[in-house]
Each structure stands twice: as structure tokens, then as C-alpha cells.
Enquirer: 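I'd like to ask you about the structure that follows.
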Amino acid sequence: MDISMELQNVHKTIGKKEIIKGLNFSIRSGEVFGFLGPNGAGKTTTIRMMVGLMKITSGDIKINGISIKDDFKGAIQHVGAIVENPEMYPFMSGWKNLKHYARMIPGITDERIKEVIKLVGLEKAIHEKVGRYSLGMRQRIGIAQALLHNPSILILDEPTNGLDPAGIREIRQYIRNLAEQEKVSVIVSSHLLSEIELMCDRIGIIKNGELVTVEEVNEEQENDQHVTVKLEVNDNAQAMTVLRDQLGLEVSEQQSILMLQIEKNDVPNLVKRMVEENIEVYEVALERSSLEDKFFELIGENTIA
Amino acid sequence: MLNFLSLIKNEQIKLYTRMGTWSMYIILFAIMLIASLIVVFFGEADEQKYGDDWQAQVTAETEELKEAQEEMEFAAFDSEIAKNEYYLENDIKPHPYDAWQFTLENAGLAMLISLFTIIIAAGIVSNEFKWGTIKLLLIRPISRTKILFSKFVTVLLFSISMQIFLFLISLLIGLIFFGMNGLNPNIVQMGTEGIEEVSVFSEIITQYGLYMVNLIMMATFAFMISTIFRNSAMAIGLAIFLMFTGNTIISFLSDYDWAKYILFANTNLRQYIGDGSPVIDSMTLGFSITVLAVYFVIFLLVSWLSFTRRDVAGN
Ligand SMILES: Nc1ncnc2c1ncn2[C@@H]1O[C@H](COP(=O)(O)OP(=O)(O)OP(=O)(O)O)[C@@H](O)[C@H]1O
Ligand SMILES: [Mg+2]
């Protein structure tokens with residue numbers, strides 16, 4: 001599997017404060033990598049080092065095999081990015097802003113600019129001054145700016161910040177498209193798991209400048225995995241007897257919903273037993289995200305570092 | 001190179017999309033217009049219209065000046081008197097006030113251009129930090145050195161275009177109000193070795209050029225301060241404060257020989273030409289040019305180091 005970005009033991013010290021304490025991870029080609037952590041964890045600092053805005057105190061970052069330290073131009077030409085808020089020149093129109101950045105890289109045609117504008121859905125507002133844009137529109141023009149030169153790596157620092165649910169869904173869709181159809185590797189940072197969970201292939205969790213874990217986000221749980229099952233039936237008392245006495249499971253009742261933990265393998269059997277006992281089953285739901293639990297488990301309460 | 005030209009184009013667009021820049025041109029234009037009206041209504045334009053008996057007029061004028069000189073201790077009409085005597089001796093009829101004269105006098109408005117250029121120089125780097133756009137600017141495959149110098153060149157281009165604007169509009173306004181004595185008439189003035197006759201055009205270029213020296217030094221200074229502190233208000237304040245107090249500071253220190261190494265002792269090259277005299281006796285034109293060059297290089301070097309070496313962190 002190709003690696004498009006590699007962080008090698010990256011440290012950052014500002015003054016006497018060690019902000020990033022040795023990050024090691026890689027981004028695979030064409031994957032969407034979530035960079036998750038609470039406020040002050042060091043996400044933006046890491047991203048600033050990835051794009052050369054900040055020096056790496058020790059360690060190295062390689063982009064398509066090229067070190068950002070040794071060959072800035074060679075490395076950065078593959079990267080498009082938003083760092084923190086996507087600020088543009090407020091006194092110029094969206095179009096003029098994009099032209100401005102386009103001039104800085106040879107070979108970007110007006111057709112390409114129009115293509116990108118269409119991709120982010122800004123056709124209507126493109127000739128208005130950016131100063132009048134809403135936060136969501138600014139996020140979009142920020143992404144447009146990052147895509148101009150067909151980068152192979154896209155780095156988006158909190159791209160969902162300020163977007164409404166529809167906007168988040170839209171961004172999610174075109175980030176997935178970019179990754180799947182154009183093989184762009186995407187790094188998205190966020191402090192909210194729920195906002196990026198659905199668009200990421202893997203999620204790295206950072207806390208206090210250290211990488212805590214990297215998790216695959218797989219749609220389907222393995223069959224021998226323990227899952228939490230929520231059960232809604234017509235007769236709770238009868239169902240609990242069956243589950244406890246016949247199947248030997250631990251059951252709890254929350255707001256007239258039965259909750260229990262079993263292996264995924266055993267779920268069909270459980271449903272069969274219910275039906276055999278003439279219990280009417282309205283809903284069987286598997287609690288999805290073990291990642292969320294893990295996130296809270298790892299991060300603890302949401303304290304600022 | 002193509003790259004660099006695109007950067008300059010970008011800077012020009014950013015500069016001229018803002019109203020503030022245009023208002024500088026408008027203010028300069030308004031001041032030129034007011035100056036011309038002052039000359040029309042209260043000025044010397046009429047007095048200098050000599051008739052056929054100009055010799056008598058000039059002689060009378062000279063007598064008056066001489067009397068005034070004797071009566072008032074501090075009156076210094078030496079050069080005026082010398083000029084008049086030169087006219088009479090060489091049988092040159094003094095020109096009436098004209099567009100060239102007006103343009104020459106307006107060279108002093110370069111002070112205003114200095115002010116405007118300082119404002120531009122102080123903002124061109126620090127505004128990118130203020131707007132947050134610096135982050136998007138520096139993540140392109142272009143070196144920070146090139147970006148910084150495209151900005152510096154833009155400041156120079158701005159000041160030059162303002163100078164050209166001043167020159168052309170002065171000439172135009174002058175032409176409308178005062179007319180013109182030929183395409184490039186000679187004028188009589190006090191030179192280093194007594195009275196001399198020079199072409200008005202070369203005199204204008206000299207004057208504008210001399211002001212330009214001061215202007216470029218102060219703009220480069222403001223550029224440096226704004227690159228270091230990433231704050232335009234501070235750079236504007238400091239540069240303007242020094243521009244206006246520099247000469248006073250030097251006159252306080254003129255007893256010390258080391259004062260000649262201070263920037264402001266050298267920015268006014270007018271001290272070496274015409275009837276000027278150096279602030280400190282041991283100074284020469286060559287010395288001043290060397291000192292200025294050294295300051296210029298230091299200012300740019302410090303800007304460059306600060307811009308290329310430092311992190312772009314959050315505010
Ligand atoms: N220029 C700086 N000087 C000193 N400390 C800094 C500087 N920039 C960031 N920090 C510190 O580094 C830590 C990480 O900050 P960073 O902005 O990377 O966090 P983040 O993960 O992006 O947080 P958020 O979710 O709030 O955006 C914080 O504790 C912050 O105080
Ligand atoms: Mg951040």
C-alpha cells in the first residue's frame with residue numbers, strides 16, 4: 001500500500017513547552033484520515049508543521065517521500081490545505097481570491113477554477129466579496145482554494161466548523177468522492193467524532209501532543225465482537241425471564257428498553273428464541289460505535305490541555 | 001521569473017483593490033490643486049512678470065533686498081541678490097512663473113508621498129498576518145524569499161508611481177494655470193560653486209530623486225518593523241515619528257562626531273548640493289551614500305531573516 005505522508009518522530013517545542021511529543025504515523029494513498037483530539041491537543045500545530053508554516057523541532061515529515069524540511073517546494077506542491085479558519089482577502093470577490101492563488105502555481109487554467117467552484121457549489125456567490133460570505137461559504141471557498149492544483153494530499157483543519165448538517169453531509173460526500181475517485185489522500189481534523197466518523201477510513205486520536213491510538217473505522221463489526229443490543233418488545237417481564245433464565249444473559253431495563261451485551265454471532269439465535277416464546281419484537285438495534293466509547297475512555301473528560 | 005512577475009501582479013491587485021490606496025492619490029491630487037490655487041490668488045506669479053524694462057525692475061528689486069538685508073539681522077537674501085545680479089550681468093530676462101517652476105516646487109510634496117509609502121510598506125506584510133491570509137500564501141511552492149521581495153518591489157513601484165503621478169499632474173495643473181516657458185528652459189539658481197544655469201528638467205529630476213532617497217530609507221525601515229512585529233500600526237508610528245524627529249535628534253547630537261553614523265544625518269543629501277552644508281563637517285557625499293547603503297542592506301536583511309526563519313503560529 002502506498003504511503004502519501006509519513007510523520008517520523010515529530011516533536012515541537014515552543015519556548016520551553018513541548019507541544020508535540022513524538023508523533024509517528026502514516027497516511028495511505030487514497031484514504032481519509034481523521035485527526036481527532038480535544039481542544040489544545042496539538043492538531044493545528046501538527047498541521048502547521050505538515051505544510052511548513054512551523055519548523056519541526058526534531059523528526060521529519062515526508063510527503064510522497066519528500067521531506068518538507070529539505071525540499072519545501074518539492075513537497076508542498078502535492079499538498080492543498082486549510083489551516084484553521086479559511087481566511088481570504090475580504091475586499092476581493094471569491095473569484096479574484098481564487099485567481100490570486102491560482103497565479104502562484106503554474107498551469108492552473110480558468111476552466112480548472114470554474115470546475116473547482118462548481119465542485120464546492122459556489123457558482124452563485126463567486127463574484128461577491130468574500131467579506132460578505134457566511135461561514136459555510138468561507139469553508140467552501142477555502143476548500144476550493146486547496147483543490148486548485150489537483151493536490152494528491154488534502155489537509156483540512158476542522159472543515160466542518162460552522163457548517164450546518166446539510167453542509168457537513170455535502171462535504172462528507174465530496175471528500176469521499178475525492179478519495180475514492182481521484183485517489184486523493186485526505187486528512188481531516190476535528191474535535192467531534194460524530195462529524196468525521198462517517199467520512200474517515202481511519203481515525204488517529206491525539207491528546208496532549210501524543211498519538212493515543214489509530215483505529216480503523218469499519219462499517220461492520222467482526223462476528224465474534226461483543227455488541228450492545230437494544231430490544232423493544234411488548235412484554236418486558238416475560239422477555240427478561242427468557243433472556244435471564246433460558247439464555248443466562250445479564251439484562252438491564254432503561255426507559256422500558258432492554259439492554260444486553262452478547263456476541264454478534266448470537267443475535268439471530270436471540271431473536272429466534274423471542275419469537276418462539278411468542279414475544280412480539282418491535283425493534284432490535286445494535287449499538288454502533290465502539291469508537292465513541294473508546295474516544296471518551298482515552299480522552300477522559302474534555303479537559304483542555 | 002514568470003513566477004515573480006505573477007507575485008508582483010498579485011500584490012498590485014491587492015493594493016489597488018482597496019479604496020485606501022486610491023484615496024492617497026486623491027489626497028495628493030487635491031493638495032496639488034490647492035497649491036496651484038494659492039499661487040494663482042496670492043502668489044508670486046504676477047510679480048515675476050517682467051516687462052520690457054525688466055532691467056530696471058530687477059535693479060529696483062535688488063536694492064530693496066539689500067536694504068532689507070541690512071535692516072534685519074537674520075534676513076538671508078544673499079542668493080536672491082546674487083541671482084538678480086547674474087541676470088543683469090548676463091542680460092538674461094528672468095522667466096515668469098510657469099508649469100516647470102510649479103512642478104519643481106511641488107517636489108516638496110514628496111514628504112506626503114513618504115508618508116503614504118510608509119503606510120503601504122507597514123501594511124504589506126503585516127496585513128497578511130492580520131487577515132490570516134499569510135497561511136494560505138506561504139503554503140504554495142514558492143520560497144518565502146520571493147514572496148517577501150515581491151512585496152518590497154511592490155512598495156517601490158507604489159512610491160515611484162506616486163512620484164510620476166505628482167510630476168505629471170503638477171505639470172498638467174501648472175500648464176493650465178501658468179503656461180510654460182518652452183519645453184526645457186534653463187533656470188538660474190545657486191549651485192555649489194556660485195550661481196549657475198541649469199536645465200529645469202534636470203533640476204526637477206535631481207530634486208525628486210533626492211527626496212526619493214529619504215522616502216526609500218523610511219519605507220524600508222517601516223517594512224522591516226512590520227515584518228518583525230507583524231503589526232502595521234507600530235511600524236507606521238515608529239517610522240513617522242523618526243521621520244519627523246530625526247533631524248531634531250541629529251541637531252542635538254551634531255557636536256559628536258559619531259552622530260554622522262546615524263541614519264538621519266545622511267538621509268538629506270541636499271546638504272551636499274546647492275548652498276547646503278553638511279550636518280557634521282567631516283561628512284562627504286560618498287560617506288553618506290555608503291552609510292545609506294549599509295542601512296538599506298541591514299533593513300532588508302533583518303526583514304528577510306525575520307520573514308523566512310520564523311514560524312507562522314497562531315496569534
Ligand atoms: N504560538 C504558540 N505558542 C505557545 N503555545 C502554543 C502556540 N500555539 C499553540 N500553542 C499551544 O499548543 C497546544 C496545541 O494547540 P493547537 O492549536 O495545535 O491545538 P488544536 O488541537 O488545534 O486545538 P483546537 O481543537 O482548539 O483547534 C495548545 O496547548 C496551545 O496552547
Ligand atoms: Mg486547531
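Every heavy atom of this structure was used, including side-chain atoms; hydrogens, water molecules and symmetry mates were not.
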Enquirer: Counting only heavy atoms not in Lys9(B) (residues, nucleotides, ligands), do more than 12 fall under 6.0 Å from its NZ?
Expert: no

Enquirer: Checking heavy atoms, do the side chain of Asn85(A), its backbone, both or neither come under 4.5 Å from chain B?
Expert: backbone

Enquirer: Looking at every heavy atom in both Thr308(B) and Lys55(A), which two are closest together, and how far apart are they?
Expert: O-NZ, 4.2 Å

Enquirer: Could you tell me the separation between the CD atom of Glu87(A) and the CG atom of Leu137(B), rounded to the nearest 0.5 Å?
Expert: 12.5 Å

Enquirer: Could you pull out the closest heavy-atom pair between Met104(A) and Asn3(B), with the gap in Å?
Expert: O-OD1, 4.2 Å

Enquirer: Identify the heavy atoms of Phe72(A) and Ile142(B) that sit nearest to each other, and give their distance.
Expert: CE2-O, 3.9 Å

Enquirer: Can you confirm whether Lys96(A) sits close enough to Thr17(B) that some side-chain heavy atom of one is under 4.5 Å from a side-chain heavy atom of the other?
Expert: yes

Enquirer: How close do Met88(A) and Thr133(B) get, heavy atom to heavy atom, and via which atoms?
Expert: C-CG2, 3.6 Å

Enquirer: Identify the two heavy atoms, one from Met54(A) and one from Ala313(B), that lie closest to each other, and give their separation to 0.1 Å.
Expert: CE-CB, 3.3 Å

Enquirer: Taking all non-hydrogen atoms of both residues, which atom of Lys135(B) and which atom of Val83(A) are closest, and how far apart?
Expert: NZ-O, 3.1 Å

Enquirer: Specify which of Met19(B), Glu128(B), Arg309(B) makes the most heavy-atom pairs with chain A at under 4.5 Å.
Expert: Glu128(B)

Enquirer: Which value, rounded to the nearest 0.5 Å, describes the distance between Lys14(B) atom NZ and Phe91(A) atom CZ?
Expert: 7.5 Å

Enquirer: If you count every heavy atom of other residues, nucleotides or ligands that lies below 6.0 Å from Lys129(A) atom NZ, does the total exceed 12?
Expert: no

Enquirer: Are there more than 12 heavy atoms of other residues, nucleotides or ligands under 6.0 Å from atom OH of Tyr16(B)?
Expert: yes

Enquirer: Could you go through the side chain to side chain contact (heavy atoms under 4.5 Å, CB included) check for Arg140(B) and Ile76(A) one step at a time?
Expert: CA-CA 7 Å; Arg140(B) 313 286 146 181; Ile76(A) 203 75; 6.0 Å; no

Enquirer: Would Tyr89(A) and Arg18(B) satisfy side chain to side chain contact (heavy atoms under 4.5 Å, CB included), going step by step from the backbone distance to the final call?
Expert: CA-CA 10 Å; Tyr89(A) 301 100; Arg18(B) 274 174 296 151; over 6 Å; no

Enquirer: Would you indicate whether Tyr174(A), at its atom OH, is surrounded by more than 12 heavy atoms from other residues, nucleotides or ligands within a distance under 6.0 Å?
Expert: yes

Enquirer: Under the side chain to side chain contact (heavy atoms under 4.5 Å, CB included) criterion, do Ile13(B) and His100(A) qualify, and how do the steps go?
Expert: CA-CA 9 Å; Ile13(B) 290 173; His100(A) 172 270; over 6 Å; no

Enquirer: When rounded to the nearest 0.5 angstrom, what distance separates CG in Leu53(A) from CG in Asp311(B)?
Expert: 8.5 Å

Enquirer: For Lys12(A), which atoms come within 4.5 Å of any heavy atom of chain B: side chain, backbone, both, or neither?
Expert: side chain

Enquirer: Is there side-chain contact between Leu5(B) and Arg103(A), with heavy atoms separated by less than 4.5 Å?
Expert: no

